[in-house]
Amino acid sequence: MRPRTWVRLLRRGRFRVDIRRFHHVLAVSAATPFNTTLAWLQQLVFGRQLAAAELHGPPVFIIGHWRSGTTLLHELMVRDERLSSPSTFQCFAPHHFLISEWAFRRFGNWMLPSKRPMDNMATGWDRPQEDEFALLNLGMPSPYRRIAFPNQGPVDMEYLDFDGLPRKDIDDWLAHLKTFLLAVSIATGRPLVIKSPTHTGRIGELSRAFPDARFIHMTRNPRELFSSTCRLWRSLDNVQALQVPADVDYESYVTACYRRMYTAFERDRQSIEPHRLIDVRYEDIKANPVACLSKIYETLRLSDFETVRPAIEHWAQTEHREYQPNRHQRRPDQEDLIVAAWHDYFERYGYQ
């Protein structure tokens, strides 16, 4: 973050930082002048190129509820060397990655944990990442702002679907997204695969902003989604928040996000042509990743799948067999909540 964005985040959290998390404040505060200096330098070196940048083909958006397998599919898609994606470093240093990413990839891996706390997947500055974090670091409103101050409750929920927002605010958000993706295109020189669960309820605006974009909608058994998403937010809050979480109602938050996102998604998907949107079950990818990827390429009219087939087959025979997902236990009252709140999802996507 740059200084203005950082101070605004603290101010919106009413500066209620727990003393036990003050080291986070010191670390980010020390980095903000560094970010500003590198941002000026990047503009000086790449200003003309950024102004003239274009996307290298229509983007592919991977959407779906948190923990539905979007990260898994993202990792698989970028095994196709003809495609690319925003990296972890690009999303966490969106102001200056064009001039600084090489150094962090080479010397800075010690700054990251070896595994993600919520699902045991490997990390790395070069791994594909959610562009929502880039928008947050650029100062755009995002529901992810709650991670900093979890005891404050949900924030920026209207940015899950854009409902009720002034047109100028939506256009400003989309402009920042486009600017970031254009910078990533300069770095990669290839079409982009973009993944973020928060985009699920935004497909109406995204399809208008990117007229030829494709959408891959991931689904998963709601019983697993609910438990895993509660664990996700709890894990992020415990590691990254500026407060020690206290009595956070994760179950209500997960349910509220689901209802908002999927009300908009089911409404707006009707306006998107069939060859631009496909539903993919997490369970099917786990069972037969090669067949699932082949169907995605065929349905969305992407490039020839046979070129990437050997890479996906190798993954299925090696890493796929070794990965062990987390297991979750549910209370009886959680089962009742899930069945009631996710009733339409159960029926629509075949999880009876």
Report task. Taking only Lys NZ, Arg NE, NH1 and NH2, and the carboxylate oxygens of Asp or Glu, determine whether Arg167 and Glu205 approach each other closer than 4.0 Å. Result -> yes
Query raised in the report: Side chains of Val193 and Ile216: closer than 4.5 Å at any heavy-atom pair?
Result: no
Report task. Find out whether Leu225 and Tyr345 are in side-chain contact, i.e. whether some heavy atom of one side chain is under 4.5 Å from a heavy atom of the other. Result -> yes
Report task. Applying ring-ring contact (aromatic ring centres under 6.0 Å, His included), run through His65 and Trp342 and close with a yes or a no. Result -> CA-CA 12 Å; His65 198 277; Trp342 298 66; 5.0 Å; yes
Query raised in the report: Taking 4.0 angstrom as the limit, do Arg146 and Asp237 come out as a salt bridge?
Result: yes
Requested in this report: For Asp80 and Tyr297, run side chain to side chain donor-acceptor pair (under 3.5 Å): C-alpha distance rounded to whole Å, both residues' side-chain angles, the deciding distance at 0.1 Å, then the answer.
Outcome: CA-CA 11 Å; Asp80 187 338; Tyr297 274 63; 2.7 Å; yes
Requested in this report: Indicate whether the side chain of Glu224 and that of Tyr282 have a donor and an acceptor atom separated by less than 3.5 Å.
Outcome: no
Query raised in the report: Would you call the rings of Phe92 and Phe133 parallel, tilted or perpendicular, where under 30° means parallel and over 60° means perpendicular?
Result: parallel
Query raised in the report: Does atom CZ of Phe22 have more than 12 heavy-atom neighbours, drawn from other residues, nucleotides or ligands, at distances under 6.0 Å?
Result: no
Query - Identified salt bridge (Lys or Arg N to Asp or Glu O under 4.0 Å) partner of Asp163 from the options Arg202, Arg267, Arg259, Arg260 - result: Arg267
Query raised in the report: Ignoring hydrogens and geometry, is there a side-chain-to-backbone donor-acceptor pair from Asn137 to Cys91 under 3.5 Å?
Result: yes
Requested in this report: Mark yes or no for whether Thr88, through its side chain, and Arg127, through its backbone, hold a donor-acceptor pair below 3.5 Å.
Outcome: yes
**Report entry** Enclosure of Arg4 CZ (heavy-atom neighbours >12, cutoff 6.0 Å)
**Finding:** no
Query raised in the report: Any chance the side chains of Gln90 and Gln129 put a donor and an acceptor closer than 3.5 Å?
Result: no
Query raised in the report: CZ of Phe305 to CD1 of Ile312: how many Å apart, nearest 0.5 Å?
Result: 6.0 Å
Query raised in the report: Is any side-chain N of the basic residue among Glu298 and Lys295 closer than 4.0 Å to the acidic one's carboxylate O?
Result: no
Query - Ser207 side chain to Ile203 backbone, donor-acceptor under 3.5 Å - result: yes
Query raised in the report: Is there a donor-acceptor contact under 3.5 Å linking the side chains of Ser87 and Trp125?
Result: no
Report task. Check whether any side-chain N or O of Gln243 sits under 3.5 Å from a backbone N or O of Arg16 as a donor-acceptor pair, and report yes or no. Result -> yes
Query raised in the report: Do you see a donor-acceptor pair shorter than 3.5 Å between the side chains of Ser85 and His74?
Result: yes
Query raised in the report: Taking the side chain as C-beta and beyond, is there a heavy-atom pair between Ile62 and Ile194 under 4.5 Å?
Result: no
Query raised in the report: Between Arg214 and Arg301, is a side chain to side chain contact (heavy atoms under 4.5 Å, CB included) present by the stated rule, with each step listed?
Result: CA-CA 9 Å; Arg214 268 55 172 175; Arg301 304 174 186 175; 4.3 Å; yes
Query - Ion pair Glu273/Arg276, N-O distance below 4.0 Å - result: yes
Query raised in the report: Between Phe346 and Tyr351, is a ring-ring contact (aromatic ring centres under 6.0 Å, His included) present by the stated rule, with each step listed?
Result: CA-CA 5 Å; Phe346 273 105; Tyr351 290 103; 7.3 Å; no
**Report entry** Any donor-acceptor pair under 3.5 Å from Arg220 side chain to Arg67 backbone
**Finding:** yes
Requested in this report: Step through the shown structure and confirm whether more than 12 heavy atoms of other residues, nucleotides or ligands are within 6.0 Å of CD on Glu81.
Outcome: no
Requested in this report: Go through Phe265 and Tyr262 one step at a time and tell me if the ring-ring contact (aromatic ring centres under 6.0 Å, His included) criterion holds.
Outcome: CA-CA 5 Å; Phe265 174 73; Tyr262 271 86; 5.6 Å; yes
**Report entry** Validation row, ring centre Phe34 to ring centre His95 under 6.0 Å
**Finding:** no
Query - Side-chain donor-acceptor contact under 3.5 Å, Thr70 with Ser68 - result: no
Query raised in the report: Quick one: does Thr32's side chain have a donor or acceptor within less than 3.5 Å of a partner on Met1's backbone?
Result: no
Requested in this report: Kindly say whether Asp304 contributes a backbone atom to a donor-acceptor pair with the side chain of Arg82 at under 3.5 angstrom?
Outcome: yes
Query raised in the report: Any donor-acceptor pair under 3.5 Å linking the side chain of His24 with the backbone of Val239?
Result: yes
**Report entry** Note: Arg348-Asp279 ion pair, threshold 4.0 Å (strictly below)
**Finding:** no
Report task. Starting from the C-alpha separation in whole Å, work towards a yes-or-no answer on ring-ring contact (aromatic ring centres under 6.0 Å, His included) for Phe210 and Phe61. Result -> CA-CA 10 Å; Phe210 303 93; Phe61 289 91; 5.7 Å; yes
Query raised in the report: When you measure from the side chain of Gln42 to the backbone N and O of Phe97, does any donor-acceptor pair fall under 3.5 Å?
Result: yes
Report task. Look at the side chain of Glu132 and the backbone N and O of Thr198, then say whether any donor-acceptor pair between them is shorter than 3.5 Å. Result -> no
